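Given the structure is predicted, the values throughout are model-derived calculations rather than measurements.
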Amino acid sequence: MKNILKIFVILALAVSAIYAGGGVRNGTGAASQLLIPVGARGVAMNGSSLAGSSGLEAVYLSPANLSFDEGTNVLFSHMSYIADIGVTYVGVSTNIDGFGALAFSLKSLAIDEINVTTVENPDGNGQTFQPTFMTLGLTYSRLLSDRISVGLTMNYLTEKLGLVSANNVSFDIGITYRNLANIDGLGLALALKNFGPQMKYDGSGLYINATPSSLERGEAAYKRDAMSFELPSLLEIGMSYNLVFNASNYLQLAGTYQNANYYGDEVRLGMEYGLNDMFFVRGGYMFLPELTNEDANIYGLTAGVGVKYDLGGTKIKVDYAFRQTKFFDDNHIFTIQIGL
């Protein structure tokens, strides 16, 4: 117990150092693709299952929870996101005895072609471009004991908008304690996510033809210097508790507090009911205690269902989630996971 508390204190001090002097920079975070959730179970519980998640779907929530799954797993997920954007997430993981768990993941955004507009052609000049946003992740997680797990994810980010692009790396660190204080089913987790160097766009699209007013020479090409932005760093602390009624029924209650360097604090609550470890019903909601504007949170209730079936050693999970959304169409997420 003392060792785990020391680890939590060290992480908390690291967070204080990273956030010092940063303040709240609403709307200035780069690489917003990092904030798009993946996996139907996590979305259905509104991201509250920081401490209660496991396996590949938990990589987005906390890399520490990857090692709570055994064997080899493959996951595919697709979400209909806002503004007709599709989000595809694929991952594969394996748990190696004596070494830990490894996972590779890829998140990609599908965005339709956009017309190129100029000052002379505000409705389009006949050309189009298609934005590209991808996150490639490598995760390592290890059980320090039968209760404590730690994990690290390194993400490689790439974004391209026409003739400009940006590449960067980010890191997630997580630690999870299961059966806290010898209470069966009680979990505590801490995660520090999306921290790394600033991100900056570059490319030929930053050049502009101009004639300097102070010099006697003709028009020339000048490159505009794009501004650098911080990554949308997050500190999350979560707890979960499993109420086991009998061998066939359980209820998981989960809550997560999130502090971000780019927006107000968030409180996420969720639950999952499981029957015979085969059928699942989930729900969740998020609060923004610091922001009183009713439009500050465009997302409402989340809900979902899931089915898990064992085919002679091969486990198949199919999950669906729904997320209520203001101003845009509601989000729908489907996830299929195969465990060997």
Count the heavy atoms of every other residue, nucleotide or ligand shown that sit under 6.0 Å from OH of Tyr207, and state whether that count exceeds 12.
no
d(Arg41 CZ, Leu61 CG) to nearest 0.5 Å is 8.5 Å
Where does the angle between the aromatic ring planes of Phe195 and Phe171 fall among parallel (under 30°), tilted (30 to 60°) and perpendicular (over 60°)?
tilted
Leu152 backbone acceptor or donor facing Asp172 side chain under 3.5 Å:
no
Before we go on, tell me: are the rings of Phe322 and Tyr320 under 6.0 Å apart, centre to centre?
no
Distance-only polar pair, side chains of Asn179 and Arg147, donor-acceptor under 3.5 Å
no
Path from Leu50 to Leu35 over hydrophobic side-chain contacts below 4.5 Å
no
About how many Å separate CZ of Phe68 and CG of Leu143, when rounded to the nearest 0.5 Å?
5.5 Å
Counting only N and O atoms by type, is there a donor-acceptor contact under 3.5 Å from the side chain of Gln130 to the main-chain atoms of Ile111?
yes
Assigning hydrophobic clusters by single linkage (Ile, Leu, Val, Met, Phe, Trp, Tyr; side-chain heavy-atom cutoff under 4.5 Å), is Leu235 placed with Met239?
yes
Would you kindly say whether Ser67 and Ser149 are connected by a side-chain donor-acceptor distance under 3.5 Å?
yes
Report yes or no: does Arg268 contribute a side-chain atom to a donor-acceptor pair with the main-chain N or O of Met45 at less than 3.5 Å?
no
If only atom types and distance count, is the side chain of Asn249 paired as donor or acceptor with the main-chain N or O of Gly274 below 3.5 Å?
no
Between Lys317 and Glu57, does any NZ, NE, NH1 or NH2 come within less than 4.0 Å of an OD or OE carboxylate oxygen?
no
State plainly whether the residues Arg282 and Asp319 are in salt-bridge range, i.e. N to O under 4.0 Å.
yes
With a 4.5 Å cut-off on side-chain heavy-atom distances among I, L, V, M, F, W and Y, is there a chain of contacts connecting Phe328 to Met79?
yes
Per the side chain to side chain contact (heavy atoms under 4.5 Å, CB included) rule, which among Thr325, Thr302, Ile82 passes with Asp330?
Thr325
Side-chain heavy atoms nearer than 4.5 Å, only ILVMFWY residues, links allowed to pass through others: does that put Leu190 and Leu188 together?
yes
Looking only at atom types and distance, does a side-chain atom of Asn121 sit under 3.5 Å from a main-chain N or O of Asp123, one as donor and one as acceptor?
no
Within this structure, what is the CZ-CD1 distance for the pair Phe76 and Ile338, rounded to the nearest 0.5 Å?
11.5 Å
cation_pi(Lys193, Tyr60) dist<6.0 Å, angle<=45
yes
How about CG on Asp84, more than 12 heavy atoms from neighbouring residues, nucleotides or ligands closer than 6.0 Å, or not?
no
Distance, nearest 0.5 Å, that separates CG of Asn194 from OG of Ser170:
5.5 Å
Atom CD1 in Ile173, atom CE in Met154: separation rounded to 0.5 Å?
13.0 Å
If you measure only the distance, is there a donor-acceptor pair under 3.5 Å linking the side chains of Gln252 and Asn242?
yes
Test your reading of the model: is there a side-chain donor-acceptor pair from Thr335 to the backbone of Ala40, 3.5 Å cut-off?
yes
Once you round to the nearest 0.5 Å, how far does OG1 of Thr72 lie from CG of Leu102?
10.5 Å
For atom NZ of Lys315, decide whether the heavy atoms of other residues, nucleotides or ligands shown that lie under 6.0 angstrom number more than 12.
no
Salt bridge or not between Asp225 and Lys200? Use side-chain N to carboxylate O under 4.0 Å.
yes
State plainly whether one hydrophobic cluster holds both Ile85 and Val43, where clusters connect Ile, Leu, Val, Met, Phe, Trp and Tyr through side-chain heavy atoms under 4.5 angstrom apart.
yes
Test side chain to side chain donor-acceptor pair (under 3.5 Å) on His78 and Thr88 and set out the steps.
CA-CA 5 Å; His78 180 79; Thr88 299; 3.3 Å; yes
What's the verdict on side-chain contact (heavy atoms from CB on, under 4.5 Å) for Val92 and Phe104, showing C-alpha distance, side-chain angles and the deciding distance?
CA-CA 6 Å; Val92 58; Phe104 298 92; 4.2 Å; yes
Would Lys223 and Asp202 count as a salt bridge (Lys or Arg N to Asp or Glu O under 4.0 Å) here? Give the steps.
CA-CA 10 Å; Lys223 185 178 181 181; Asp202 198 1; 2.6 Å; yes
Hey, is Asp329 close enough to Arg323 for a salt bridge, meaning N to O under 4.0 Å?
no
Distance-only side-chain donor-acceptor flag, Glu236 / Thr256, under 3.5 Å
no
Please confirm whether the ring centroid of Tyr140 lies under 6.0 Å from the ring centroid of Phe99.
yes
More than 12 heavy atoms of other residues, nucleotides or ligands under 6.0 Å from CG of Asn246: is that the case?
yes
Polar side-chain atom of Asn65 near backbone of Gly174 as donor-acceptor pair, under 3.5 Å:
no
Has Asn73 got a side-chain atom pairing as donor or acceptor with Gly55's backbone, closer than 3.5 angstrom?
no
Backbone of Ala64 reached by a side-chain donor or acceptor of Ser141 within 3.5 Å:
yes
Within the side chain of Asn276, is there an N or O that forms a donor-acceptor pair under 3.5 Å with the backbone of Met278?
no
Report yes or no: do Glu266 and Tyr257 form a side-chain donor-acceptor pair below 3.5 Å?
no
Phe327 atom CZ, over 12 foreign heavy atoms within 6.0 Å
yes
Does any donor atom in the side chain of Thr135 or Asn155 lie under 3.5 Å from an acceptor atom in the other side chain?
no
